[in-house]
Amino acid sequence: MLPFSGTFAALGENIAAAVELHLAERGGRMGGRPVQLIRLDDESNLANAVQNVNRLLGRDRAEVLIGTVHSGVVMALVQASRERGVPLIIPNAGNASATRELCSPTVFRTSFSNWQPAYGMGLALGKQGVKRAAWITWDYAAGNEAGEGFRDGLKAAGGEMVRELKLPFPETNFQPLLAQVPGLEVQAVGSFFAGGGAVQFVREYAAAGLKDKVPLCGSGFLTEGTLQAQGPAAEGMRTALHYGDGLDNPKNRSFRAAFKEKSGREADVYAVQGYDAAQLLGIGMDAAKGDAAAEKEWVRAMRAARIDSPRGAFTLSPAHNPVQNIYLREARGGLNQVIGIAAEALADPGTGCRPA
Ligand code: PHB
């Protein structure tokens with residue numbers, strides 16, 4: 001269950017293509033059984049989320065769930081997994097509660113918590129001497145929780161987030177917000193947008209003449225899978241994320257080549273997260289010999305997994321969220337080049353999770 005239309009369509013397509021890639025590498029099998037993938041377009045639409053999950057588990061008789069991108073929509077999947085014991089692997093949505101107060105033995109995430117990348121960005125900014133910054137985002141869980149990470153990171157390094165400016169998801173009427181930036185007297189603007197919305201925001205930020213006056217940074221989604229469309233508007237932008245295009249490890253090199261070969265597109269963080277969701281599921285289903293009802297077996301194996309990811313190998317926290325490096329990146333010539341580590345082996349605080 002992923003968005004294949006709307007502002008996050010490209011994210012869903014790359015996640016799905018990478019799941020297919022890993023499945024193909026395994027000869028289409030997990031735990032000794034052939035695996036059939038069912039695609040459902042959730043459109044990042046909250047109104048249809050519960051119905052979509054019920055369709056997958058009912059009519060489509062899905063035994064395992066992989067999804068989704070949007071932090072609100074994912075809660076319908078989390079709910080279903082908690083109630084029915086169906087394995088759920090979240091390949092993007094960073095909603096904090098999924099691995100904090102609503103953590104569950106059957107819910108796993110191969111992506112991030114919204115707090116993680118933004119914390120790294122805030123920390124890096126504070127260390128560069130920024131004392132005052134603002135945060136601009138969509139007003140929903142992902143943007144708001146990332147804002148908290150940004151605030152925490154900045155504060156830990158002696159800076160302060162003095163203002164948050166927001167608009168409803170997935171609106172793109174950025175002009176009234178951009179008009180306020182010069183009056184804020186901040187040294188930097190941090191931001192969470194992604195997909196089509198990020199393309200437009202970064203372009204309009206530059207077009208408004210702000211790029212050279214108040215540097216724009218943020219969770220790395222801002223420039224992820226979007227650089228070609230953003231063009232010069234993104235050049236030189238610094239962001240923080242658990243992945244970077246040029247990461248120099250053998251797994252990343254082979255993954256990027258295989259993904260390009262399969263999809264005709266460059267890999268990005270979304271592809272990496274989808275690939276790792278499939279890797280984690282393979283580990284679980286192999287341990288359970290393909291029986292999704294053998295909960296103890298797949299939970300134990302997935303909890304203990306060490307995922308050989310293109311981002312660098314990672315393990316899961318007790319709340320089932322990746323413990324991972326947050327890289328500082330700079331957009332150069334159409335690539336998000338890694339220029340340092342903003343936060344090493346960063347775990348989400350996991351507040352309120354009492355793992356069973
Ligand atoms: C989210 O809603 O959790 C979300 C969406 C897109 C991203 C990152 C997080 O790129």
Side-chain angles (χ1 to χ4, degrees), residues 1-16 18 42-46 49 66-78 88-100 102 107-121 135-150 166-172 190-202 217-227 229-230 234 237 239-244 267-274 276-277 311 321-322 324 326 329 336 348:
M1 180 168 139
L2 291 165
F4 298 113
S5 59
T7 200
F8 291 156
L11 289 61
E13 291 293 354
N14 270 10
I15 291 168
D42 67 31
E43 304 169 329
S44 296
N45 183 351
L46 215 45
I66 299 179
T68 188
V69 165
H70 184 282
S71 264
V73 176
V74 80
M75 295 322 289
L77 290 159
V78 169
L88 168 64
I89 302 182
I90 303 170
N92 186 75
N95 193 310
S97 64
T99 58
R100 290 189 189 173
L102 292 181
V107 173
F108 289 80
R109 178 151 59 195
T110 56
S111 50
F112 57 88
S113 72
N114 290 319
W115 181 89
Q116 282 178 307
Y119 178 86
M121 188 68 246
W135 182 252
I136 305 186
T137 193
W138 279 314
D139 188 8
Y140 81 114
N144 293 328
E145 291 169 1
E148 285 165 30
F150 187 67
K166 302 177 190 182
L167 79 173
F169 176 87
E171 287 179 16
T172 54
S191 180
F192 167 86
F193 291 105
V199 170
Q200 199 177 327
F201 181 71
V202 168
C217 64
S219 303
F221 312 110
L222 203 53
T223 58
E224 200 61 29
T226 57
L227 285 174
Q230 287 162 338
M237 267 182 61
T239 60
L241 200 63
H242 47 292
Y243 183 65
D268 57 14
V269 75
Y270 308 108
V272 170
Q273 294 166 174
D276 292 342
R311 79 190 82 173
N321 191 66
Q324 55 194 344
I326 302 299
R329 305 115 46 90
N336 286 298
D348 183 85

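Given the structure is predicted, the values throughout are model-derived calculations rather than measurements. Whatever order the structure lists them in is the order used to number ligands and atoms, beginning at 1.
Below 30°, between 30° and 60°, or above 60°: for His242 and Phe112 the angle between ring planes is between 30° and 60°, a tilted geometry.
Ser5 places no side-chain N or O within 3.5 Å of a backbone atom of Glu43 that could act as its donor or acceptor partner. Judged by distance alone, with hydrogens and angles left aside, the side-chain atoms of Trp115 form no donor-acceptor pair with the main-chain N or O of Glu145 at under 3.5 Å. The main-chain N or O of Val69 is found under 3.5 Å from a side-chain atom of Asn92 such that the two form a donor-acceptor pair. Judged purely by atom type and a 3.5 angstrom limit, Arg311 has no side-chain atom pairing as donor or acceptor with the backbone of Val269.
For atom 6 (C) of ligand 1, the closest non-hydrogen atom on the protein side is Asn92 ND2, 3.6 Å. Nearest to atom 10 (O) of ligand 1 among the protein's heavy atoms is Tyr270 OH, 2.8 Å. In terms of protein heavy-atom proximity, atom 1 (C) of ligand 1 is closest to Val69 O, 3.1 Å.
Neither the backbone nor the side chain of Val74 comes within 4.0 Å of ligand 1, counting heavy atoms alone. If you look at Ser71 next to ligand 1, the close heavy atoms, those under 4.0 Å, come from the backbone and the side chain alike. At a 4.0 Å heavy-atom cut-off, ligand 1 does not touch Phe169 at all.
Across all non-hydrogen atoms, the minimal contact from Ala98 to Ile90 is CB-CD1, 4.0 Å.
Judged by the shortest distance from any of its heavy atoms, Val269 lies outside the 4.0 Å radius around the atoms of ligand 1.
Between the side chains of Asp276 and Thr110, no donor N or O sits under 3.5 Å from an acceptor N or O.
Listed by number with element, the atoms of ligand 1 under 4.0 angstrom from any heavy atom of Leu11 are 6 (C), 10 (O). For ligand 1, the atoms closer than 4.0 angstrom to any heavy atom of Ala93 are 3 (O). For ligand 1, the atoms closer than 4.0 angstrom to any heavy atom of Tyr140 are 1 (C), 2 (O), 4 (C), 5 (C). Numbered from 1 in the order shown, with element, the atoms of ligand 1 that lie under 4.0 Å from a heavy atom of Ala194 read 6 (C), 7 (C), 10 (O).
In terms of polar-atom proximity, defined here as any N/O pair under 3.5 Å, Gly94 does make such a contact with ligand 1. Ligand 1 has no nitrogen or oxygen under 3.5 angstrom from a nitrogen or oxygen of Asn95. Considering both main-chain and side-chain atoms, His70 never comes within under 3.5 Å of ligand 1 through any nitrogen or oxygen pair.
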>> Let's go through Asn14 and Asp268 carefully: what are the C-alpha distance in whole Å and the side-chain angles of both, what is the deciding distance for side chain to side chain donor-acceptor pair (under 3.5 Å) to 0.1 Å, and is it a yes or a no?
In response: CA-CA 8 Å; Asn14 270 10; Asp268 57 14; 3.1 Å; yes

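Side-chain rings of Phe8 and Phe169 approach one another, their centers coming within less than 6.0 Å.
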